[in-house]
Each structure stands twice: as structure tokens, then as C-alpha cells.
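A short write-up of the structure that comes next.
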Amino acid sequence: MLVLSVSLILMAGIAWFFVDTIRHSHEGPSDDVLANRRTSAIWGLTAFGVVISVASLWSWPHAVSAADDVVTVNATGGQWYWDIDVEEVPAGRTVVFNAHTEDVNHGLGIYGPDGRLHIQVQAMPGYVNQIEYVFDEPGLYQVLCMEFCGIAHHDMIAEFTVVAN
Ligand SMILES: [Cu+2]
């Protein structure tokens, strides 16, 4: 909702700029006022873009916790399986998933006992993508593939259990 609101406000601002420019385009050749207005608009938008970029990217990249109580799970995808190196993870503790594949791109998606998607991360050959999560609800979780990767894409199902801590 916030993203939509900000997008609509920015689009309205850009639309106003275009309408205003078209309105003033009938006033004959460009004069100092119009040139100043353009210069101000360009510098204003540039400064605004820099502020928005810095503010929105400030917290990246997310540091993955290095604390001792972090549980690490290695999840390797392939056509067509998930190889998850744990069967149980504790609830209430940070779990770091190392997502990797042995062939093509896959998408690591983790669904809870209620069928809700909790987290997802792209799994790519040649990279280890990390995502961390704290499971609050014990139960059986499923790992599915979120990236169509071939004829048996739907068979990429693995499971692990979140146990009460
Ligand atoms: Cu896949």
C-alpha cells in the first residue's frame, strides 16, 4: 500500500511536470523563466532520486547473523529434487538457509503447515544465496520450487519439521 501510494504521488508529480511543460510550450520560444524552471526541475529530481535511492538501499546488504545460536540449513536444488541437510529445526531461533543448485535456476519456497508461503529465495548454480528466518509455529514445513524448471518441476518437494524449542 505504501509503495502504491508513493508510486501514485510520484506519477502525479511527473504528470504535472509534463502538463505544465505542455501548457507553457505555447508561450513562444523558451525564455529565462522556462530555462530556470527546467534546470530547477532536473536538479530537484536528481536530488530527490539520490535521497530515495540512499534511503531505500541503506540497510543493504542484509548482514546474516553470525551468532552461535544460528541454525544453518543447506538446501541444494536439482532437476528435480531438493536436498535439505536437516530434518528438524528449532522454533524461535534464527535459521539461515544456504540456497544453491546443481543445474538450472530454481526457487526455494518454504510453506508452513497452513499452506502459507513463509519465505522464498532464488537458488542459482554457481551461487549460494542466503536467507534467514525465525519459525514461530512448530509443524511440518514443505520446500517447493518457485521457478518453473522443467517437466517434473512439481515433484520438487522436500520436508522438514519445526520443533518447539
Ligand atoms: Cu525447480
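Throughout, residue positions are numbered sequentially from 1 according to the sequence presented. These values consider heavy atoms only, across backbone and side chains, with no hydrogens, waters or symmetry-generated copies. Start at 1 and go down the list; that is how both ligands and their atoms are numbered.
The number of heavy-atom neighbours closer than 6.0 Å to CD1 of Ile151, taken from other residues, nucleotides and ligands shown, is 12 or below.
Both Ile110 and Trp80 are assigned to one and the same hydrophobic cluster, defined by single-linkage of ILVMFWY side chains at heavy-atom distances under 4.5 Å. Both Ile157 and Tyr111 belong to a single network of hydrophobic side chains, linked directly or stepwise wherever heavy atoms of I, L, V, M, F, W or Y lie under 4.5 Å apart.
The Cu ion (ligand 1) is closest to atom ND1 of His106 (considering only N, O or S atoms).
Ring centroids of Tyr133 and Tyr141 are separated by 6.0 Å or more, keeping the two rings apart.
Rounded to the nearest 10 degrees, the angle SG (Cys145) to the Cu ion (ligand 1) to SD (Met156) equals 100°.
Metal site remark for the Cu ion (ligand 1): His153 contributes no N, O or S atom at a distance under 2.8 Å.
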